[in-house]
There are 2 protein chains.
Amino acid sequence: MKVLVFFVAIVLAAWHCHGSDHDHDHGHTYQIFPLRMKTGHGGHYIPEVSCQSWRLGVEAHNVIDWKTVPQDCEGYIGNYMLGEQYRSDSKIVNQQAYFYAKTLNITAKTAWVFDIDETTLSNLPYYADHGFGVELYNETSFNKWVDLGEAPALPESLKLYKKLLSLGIKIVFITGRPLDQKAVTATNLNLKLAGYHTWEKLITKNTSEYHGKTAVTYKSTERKKLEEKGYKIIGNIGDQWSDLLGTNTGDRTFKLPDPMYYIS
Amino acid sequence: MKVLVFFVAIVLAAWHCHGSDHDHDHGHTYQIFPLRMKTGHGGHYIPEVSCQSWRLGVEAHNVIDWKTVPQDCEGYIGNYMLGEQYRSDSKIVNQQAYFYAKTLNITAKTAWVFDIDETTLSNLPYYADHGFGVELYNETSFNKWVDLGEAPALPESLKLYKKLLSLGIKIVFITGRPLDQKAVTATNLNLKLAGYHTWEKLITKNTSEYHGKTAVTYKSTERKKLEEKGYKIIGNIGDQWSDLLGTNTGDRTFKLPDPMYYIS
């Protein structure tokens, strides 16, 4: 009898477990959906579904010009960034980029533009200590992290980088990092991408030239200069839409995930 | 003793249940990630994580020119479309559109472009019977469904539609549906949007004029004609990137979710 009770209990609990798991993952419940995201006022429980929609909205460029991650999504975004979904989401973007690149004709002037932060190098160790984007951006504190020169390479981007190099494509980095971080950035890249030839150029932002200009303007202008030097930009990859919009965007663009910050 | 065993069994099972639920939702496990999606060859188990990445890739315009949903994602996409996530994802896009629209100056010639399929009207009843995009598009069979004129309005888009009308914005529908479906489309819209004034224009595709042209070309040309008639397109919403790219795109564009089909 004891065994029977135990068996029934396990079966019931497992059945319940499967049921709730199913509802949660696949959205089979028809709960009343909250009218708006509860950001900042009173209620602090946000269904996973809302934060997921917020993140999708960011990636598809529907949610723009935001300063911080919604307070109630800190847990969701933290779990996303540290878990397998961020890696998987990055992987598919880089895969699509490679599938595209390998069909093309490559010459000595064929170029591919990479952004740096959250595209080539990861600042996740920094953001994990600063609320995954919930805290307002602090330039001083962020620069201290950058100056360590220890940002890890994003593993899926690194694979793409190596594959593009092996196809004979020239890699050009265009980053919003200022000129005075060029040396530490080059060192960091050398450290983390070491052993795979080298990149063609590392373009950092001349803050006096682009003072008050948006990232879209700065990056468009630098890409234009590249094309004027005879480079043909066949691909362009970044974590911000401002890496990919504007002029001289390249023949095809690839948007890597980044739900932690927004740069216009 | 029986009670104790029962209690322990329940606690253990619930604990296990919570653990696996947590791993599954938040990606805290560090499993080896499959190298590529198993589509069409042998293995038929795809982790939820891959199909989720595929869908994100579609929405952010990284995965393009696909003919069908990957076979192994049929269950995932079906659950997504029928569940609360699709509704929530649509809601946030429409909300952002309204938050944007209400800040603007509206004149008698201020226009907002809506696509129809999966933007204003839903073909989910049809796709639910046809593998949610796993089956290859069948024009004859799809046209039979359209000719019924019974496609429901997408509830979150309907809310936006009403709000834009109440702001005094003119609504222009531009659809890839052919001219010979204009009457049934107008009837369907009248039926499902009834009681909320009326739209400004319903533009269907003149298939002889645009024979062999892409949706991007067709829609850009029609938007250009609108602007030449003096309309100012302040917003443009669609489920396909081909609704939103090209020329005369409108001041801001909004991408609604659609993981079931791709139109270039």
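Computed from a predicted structure; not experimentally measured. Proteins get letters first, then strands, A, B, ... in listed order; numbering begins at 1 in each.
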- Message: Under 4.5 Å from any heavy atom of chain A, what part of B:Gln96 do you find: side chain, backbone, both or neither?
- Response: side chain
- Task: Identify the heavy atoms of A:Ile92 and B:Ser53 that sit nearest to each other, and give their distance.
- Result: CG2-O, 3.6 Å
- Quick check: does any side chain N or O of B:Gln52 sit under 3.5 Å from a backbone N or O of A:Gln85, one acting as donor and the other as acceptor? no
- Over 12 non-hydrogen atoms of neighbours within 6.0 angstrom of CG in B:Asp65: yes
- Message: Between B:Asn62 and A:Lys255 (side chain of the first, backbone of the second, donor and acceptor by atom type, cut-off under 3.5 Å), is there such a pair?
- Response: yes
- Task: Take A:Val49 and B:Arg87 through the side-chain contact (heavy atoms from CB on, under 4.5 Å) test and state the conclusion after the steps.
- Result: CA-CA 10 Å; A:Val49 87; B:Arg87 174 76 179 256; over 6 Å; no
- Task: May I ask you to list the residues in residues 232-254 of chain B that approach chain A closer than 4.5 angstrom, counting heavy atoms only, ordered by number?
- Result: B:Trp241, B:Arg252, B:Thr253, B:Phe254
